[in-house]
Amino acid sequence: MTSTILLQAGGSGASGIMGFLPMILIIVVFYFFMIRPQMKKAKDHKKYIEELKVNDRVVTTAGIHGRIVEISETTFLVDVGGGVKIRFDKSAVALEASKALNTPPKA
């Protein structure tokens, strides 16, 4: 009787670890498919914003198209046409749309 109790107690330790294995796998999959790509996208956006210069064409997250006239530490002054200039925060520049504007069309 005593040996039966000891065997049951020893077996529950291994099944406890196996119980956490699905949760660990979910966390790993979540990291590689959700968190890591988002961090890469944020890093690319930051790099793109740092590389922008005067006369680059941009599209803001609000959908406003314009040309950069002036760059300060945290903002851009964007000429939207007709002599209208609007100041935007650097984070308001949409990465993909602005890249598409600044790449020449393929022949």
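Throughout, numbering of the chain's residues begins at 1 and tracks the sequence.
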Asks: Under the side chain to side chain donor-acceptor pair (under 3.5 Å) test, which residues partner Lys40, sequence neighbours left out?
Replies: Asp44
Asks: Can you sort out the partners of Lys47 under salt bridge (charged side-chain N to carboxylate O under 4.0 Å, His left out), two or more places apart, ordered by chain and number?
Replies: none
Asks: In chain order, what residues pass the salt bridge (charged side-chain N to carboxylate O under 4.0 Å, His left out) check against Lys53, with sequence neighbours excluded?
Replies: Asp56
Asks: List, by chain and number, the other hydrophobic cluster members for Phe33, where Ile, Leu, Val, Met, Phe, Trp and Tyr join if side-chain heavy atoms come within less than 4.5 Å, directly or indirectly.
Replies: Val29
Asks: Connecting only ILVMFWY residues whose side-chain heavy atoms lie within less than 4.5 Å of each other, what is the rest of Ile27's hydrophobic cluster?
Replies: Met23
Asks: Is there a path of hydrophobic side-chain contacts, each under 4.5 Å between heavy atoms of I, L, V, M, F, W or Y residues, that connects Val69 with Ile64?
Replies: no
Asks: Quick check against the 3.5 Å criterion: does His45 have a side-chain atom that pairs as donor or acceptor with the backbone of Val93?
Replies: yes
Asks: Taking C-beta and beyond as the side chain, do Ile68 and Val58 meet within less than 4.5 Å on heavy atoms?
Replies: yes
Asks: My understanding is that only residues two or more places apart in sequence, or in another chain, count here; which of them pass side chain to side chain contact (heavy atoms under 4.5 Å, CB included) with Leu21?
Replies: Met18, Leu25
Asks: With a 4.5 Å limit on heavy-atom distance, are the side chains of Phe76 and Ile49 in contact?
Replies: yes
Asks: If Ile, Leu, Val, Met, Phe, Trp and Tyr residues are connected whenever their side-chain heavy atoms lie under 4.5 Å apart, and connections chain through other members, are Phe32 and Met34 in the same group?
Replies: yes
Asks: Just distance, no hydrogens or angles: give the donor-acceptor pairs under 3.5 Å from side chains in residues 78-90, sequence neighbours left out.
Replies:
| from | atom 1 | to | atom 2 | distance (Å) |
| --- | --- | --- | --- | --- |
| Asp79 | OD1 | Gly81 | N | 3.1 |
| Asp79 | OD2 | Arg67 | NH2 | 3.4 |
| Arg87 | NH1 | Thr75 | OG1 | 3.2 |
| Arg87 | NH2 | Glu70 | OE2 | 3.3 |
| Asp89 | OD2 | Ser91 | OG | 2.7 |
| Lys90 | NZ | Ser72 | O | 3.3 |
| Lys90 | NZ | Glu73 | O | 3.2 |

